[in-house]
Undergrad: 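Sharing a structure below in structure tokens format, with a few things to ask.
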Amino acid sequence: MRKLALTLFAVPFLALLFALPAGAVTPDEILDDPVLEQRARDISAGLRCLVCQNQSIDDSDAELAKDLRVLVRQRLVVGDSDNEVIGYIVSRYGEFVLLKPRLSSKTIVLWAMPVILLAVGFGYVLLGSRRRRTSASATVLSVEEQSDIKKILGSREGDQL
Amino acid sequence: MIVELGHYALIMALATALLQSVLPIIGARTRDAGLMGVAPAAAIASFVLILFAFVALTVSYVTSDFSVKNVWENSHSMMPMIYKFSGVWGNHEGSMMLWLLILVFFSALVAFFGGNLPATLKSNVLAVQAWITSAFLTFVLLTSNPFQRLSPAPLEGRDLNPILQDIGLAIHPPMLYLGYVGFSICFSFAVAALIDGRIDAAWARWVRPWTLAAWTALTAGIAMGSYWAYYELGWGGWWFWDPVENASFMPWLAGTALLHSALVMEKREALKIWTILLAIMTFSLSLLGTFLVRSGVLTSVHAFATDPTRGIFILCILVAFIGGAFTLFALRAQTLSPGGLFAPISREGALVLNNLFLTTATATVLVGTLYPLVLEAITGAKISVGPPFFNLTFGPLMIPLLLAVPFGPLLAWKRGDLWAVTQRLYMAAGAALLVSLAVIYFATGAPVMAGLGIGLGVWLIAGSLTDIAMRSGVGKVALPIMWRRFKGLPRSAFGGALAHMGLGVSVIGIVAVTAFATENVVTMKPGETTVGGPFTLQFEGLKPNTGPNYTELQGRFIILRDGQPVSHLTAAKRVFTARQMPTTEAGIYTNGANQLYVALGDELPGGGVVVRVWWKPWVTFIWFGAIFMSLGGIVSLFDRRLRIGAPAKSRAPAVAVGQET
């Protein structure tokens, strides 16, 4: 795997160029209880394969990913809840293992960004349209201005504009 | 010899580009027609020179000239010709050459077709293009020279990465770069307008075809890449939210926003400053993508071991161009006069909403992609931001946007009547609701969300059909008049409707495959069967096979339906001889819009083999939708108004011709 990852990669945007081929879960890992197995799959999809990067352990053929998958299943069989399993893995491998980072002081900006941006955008657009409306109404001339214009236009009537 | 000439041509191109960077700007300032005339000539010369260099590199690939280091590293004499050819850009140096070639190709197009542009604008645009060309030419010549020789020349090459030995390599990067780099034209137009300090609806009309062309290519390129990854990687995923994918997706999102805001600017002269900003942002994101991918800064699966000089070089280019453009923008934006007024409920208002959501989505992807990097740099803490994050943030941002899409084209400019539009859309809404309910009712175990998601896709498709129907006057005028109106609709109306329809088609595919795909991982021995959707798969056995530069183990399967054989498929595990690298060739059986996807796993000691079978209902809709979107772009490009260019000329071509002579 390491050797693969160090190979010069070529085309820029093809996804996962260095992914090892084929899906990961092998028949011998699969639990007999389909409900438990589905939970294991869902949990695995959210855990990062630490040696292959940007691949979940559910997608990876790496040895470590397999170990983690087996570990997840062992915990589930013992009776852990999903959160307990994830907590256990994080306690051993750190927050880095989570593909969906937990909300904390470090990730608050990340999670809040879409909401903030949308709110700021809406605010700006609304303010802008109000400002534009007021500036549009400002172009309505006052009585004095209108009489001024009449005077000017009247004095120029012969000019043939 | 031709290799040295190619290298020489690159150096000449740099000299030409430098001239083109300076002289036309001075010419535009001093109204010197001679200096301005340098721009188109230099642009075409640069194109010819870089094309020559590119051909030189291609020749050494095709003839397997391993005395060229780049060819030795990435090619093999036994490789099929098509991969020798596409292998040219299957590596860092070569793909930068392709990048450059497409950049100067676009400059040459402006030089060639830009006859109707004001002379100063054209000169400035080409000068800005030349700045970009010079920067990247310098980068290639100093850090990524593809013409470096080896002595003594090795007898055999090290082969192209096996995953790249695919027809996808011949299509995906050129398409993607056409889009990616095509946005440079929008950038150059924006910067040129800022230098000029003048911008009007005509500017938007000139920029729109370029935006459209780039967007069309990028859409097709991303879709192609997605399908390639889907069938090549062997686990059936079609989008991974990988940083490198995000790098191409961000310009697409921003470019989509630009396409829409340029529409407002062209028709109503509103949103000028915003459109300029978007044009700058879109290409900045392309540059950022180039940096992220080329420097290997991301801890992505694409990370490639490279010396940091390249990364720092591109970073400097990035900072200079983005920083420079934004500074210019900050200095000059105030001098641009704001445009037309509009009520919040209007076509303009709808397009502003579109821009709001698209830019927020772009920013979300950007922040998600860069956050781990920045956080680690600042605090040292390592976190991962993966698919679950993007699905949770990007998804909800798209839903209101997609719901609003059918309203946009039906609203009137300046001041629209939302209620009247809603009434016109009742059929579309009815169809969407009906389909949603049907899915929820008939598909056993279907989550309610899946029904609603597919309904959303139907809403988009029916909405675009409604748009065309309303414009043709369905239900209001007699049939012959309707037909005449339908035929008389501008191509851009069809293009827009087609693109929106494609969006709906993609949504249906995405929702269906997310909700209804089934996976089956089993150990199979010859003769055994397993299930994939409505089909039964019978394993025939493994058979060794030898290709031109690989050996493989083929797994043969018979596909049965109701006990009757309907087809067969072959999945394989390949080992490429030169690099001893294994790959998986998935076996795919397409049935209507659905696919049966089979990948081979490991052989087990007992004689069985691990087989993964996916049933992917409606999966092809994902890419068909993208094809529709691209087609929409192409149809729009052929709109008469865009071909003619300047608005004044379309009204009185005779006068315009008279003025030119």
Side-chain angles (χ1 to χ4, degrees), chain A residues 4-30 41 45-46 48 52-56 58-59 61 94-102 104 106-107 109-111 113-115 117-118 121-122 124-126 128-129 132-133 135-136, chain B residues 73-74 90-92 95 161 163-164 169 172-173 176 225 228-229 233-235 240 242-245 247-248 293 299-305 341 344 352 356 359-360 363-364 367-368 371 375 379 381-389 392-393 397 521-523 582-584 599-601 610 612:
Chain A
L4 278 178
L6 287 174
T7 322
L8 267 177
F9 98 95
V11 170
F13 307 108
L14 176 62
L16 303 173
L17 207 55
F18 289 105
L20 274 176
V25 181
T26 50
D28 56 304
E29 294 170 22
I30 294 173
R41 296 300 300 268
R48 180 175 195 152
C52 19
Q53 293 170 350
N54 249 56
Q55 236 182 322
S56 75
D58 198 46
D59 290 334
D61 258 1
E95 294 272 330
F96 187 61
V97 81
L98 294 176
L99 283 171
K100 187 176 87 181
R102 282 177 176 164
S104 73
K106 279 187 194 117
T107 59
V109 177
L110 174 71
W111 282 105
M113 191 59 85
V115 185
L117 284 173
L118 206 59
F122 261 111
Y124 186 79
V125 169
L126 285 181
S129 78
R132 234 173 300 155
R133 221 173 306 155
S135 68
Chain B
E73 277 172 345
N74 300 292
N91 58 83
H92 169 81
S95 78
N161 186 330
I163 289 181
L164 300 177
L169 181 64
H172 169 62
L176 202 74
W228 185 14
L233 295 179
W235 73 74
F240 305 90
D242 187 89
V244 173
E245 285 175 325
S248 71
V293 173
T299 48
S300 129
V301 274
H302 298 258
F304 68 143
L341 298 171
V352 168
L356 202 57
T359 38
T360 307
T364 303
V367 170
Y371 202 83
L375 188 71
T379 69
K382 288 190 80 161
I383 64 159
S384 305
V385 178
F389 170 83
L392 214 61
T393 50
L397 277 173
V521 187
V522 287
T523 311
T583 68
T584 294
L600 289 185
V610 174
R612 294 187 173 81

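Residue numbers start from 1 in every chain, and the chains themselves are labelled A, B, ... in the order their sequence lines are given, proteins ahead of strands.
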Undergrad: Hey, what do you get for OH (B:Tyr371) to CE (A:Met113), rounding to the nearest 0.5 Å?
TA: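 B:Tyr371 OH to A:Met113 CE: 8.0 Å, rounded to 0.5 Å.
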Undergrad: Checking A:Val115 against chain B: side chain, backbone, both or neither under 4.5 Å from a heavy atom?
TA: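 A:Val115 has no heavy atom closer than 4.5 Å to chain B.
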Undergrad: Provide the closest heavy-atom pair for B:Val521 versus A:Pro27 in the form atom of the first, atom of the second, distance.
TA: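 Of all heavy-atom pairs spanning B:Val521 and A:Pro27, the closest is CG1-CD, 3.9 Å.
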Undergrad: Can you confirm whether A:Leu99 sits close enough to B:Pro388 that some side-chain heavy atom of one is under 4.5 Å from a side-chain heavy atom of the other?
TA: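 Yes, at least one pair of side-chain atoms sits under 4.5 Å.
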Undergrad: How long is the gap from NZ on B:Lys382 to NZ on A:Lys106, to the nearest 0.5 Å?
TA: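 It comes to 13.5 Å.
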Undergrad: Taking only residues two or more places apart in sequence or in another chain, which ones pass side chain to side chain donor-acceptor pair (under 3.5 Å) with B:Thr393?
TA: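 With sequence neighbours excluded, B:Thr393 shows a side chain to side chain donor-acceptor pair (under 3.5 Å) to no residue whatsoever.
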Undergrad: Heavy-atom pairs under 4.5 Å with chain A are the metric here; pick the option from B:Val352, B:Ile383, B:Leu356 that has the most.
TA: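 So the answer, after comparing B:Val352, B:Ile383, B:Leu356, is B:Leu356.
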Undergrad: Quick check for you: to the nearest 0.5 Å, what is the distance between A:Thr107 atom OG1 and B:Phe389 atom CZ?
TA: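 Rounded to the nearest 0.5 Å, the OG1-CZ separation comes to 9.0 Å.
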Undergrad: Could you give me the CA-CA distance, side-chain angles and deciding distance for B:Arg612 and A:Thr26, then say whether side chain to side chain contact (heavy atoms under 4.5 Å, CB included) is met?
TA: CA-CA 9 Å; B:Arg612 294 187 173 81; A:Thr26 50; 3.8 Å; yes
Undergrad: Could you tell me the separation between the CG atom of A:Leu110 and the CG atom of B:Leu375, rounded to the nearest 0.5 Å?
TA: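 The distance works out to 9.0 Å.
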Undergrad: Could you look at A:Arg102 and say if it's the side chain, the backbone, both or neither that has a heavy atom under 4.5 Å from chain B?
TA: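 Looking at A:Arg102, nothing touches chain B.
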Undergrad: Starting at NZ of A:Lys100, measure out to OG of B:Ser384 and round the result to the nearest 0.5 Å.
TA: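 Result: 13.5 Å between the selected atoms.
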Undergrad: First locate atom CG of A:Leu117, then atom OG1 of B:Thr360, and finally report the distance between them rounded to the nearest 0.5 Å.
TA: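 Separation between the atoms: 5.5 Å.
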Undergrad: Sort A:Ile30 into side chain, backbone, both or neither according to what part of it lies under 4.5 angstrom from a heavy atom of chain B.
TA: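 The side chain, not the backbone.
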Undergrad: Going by the rule side chain to side chain donor-acceptor pair (under 3.5 Å), which residues pair with B:Thr364 if we only count those two or more places apart in sequence or in a different chain?
TA: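 Testing B:Thr364 for side chain to side chain donor-acceptor pair (under 3.5 Å), a comparison that skips the adjacent residues, returns none.
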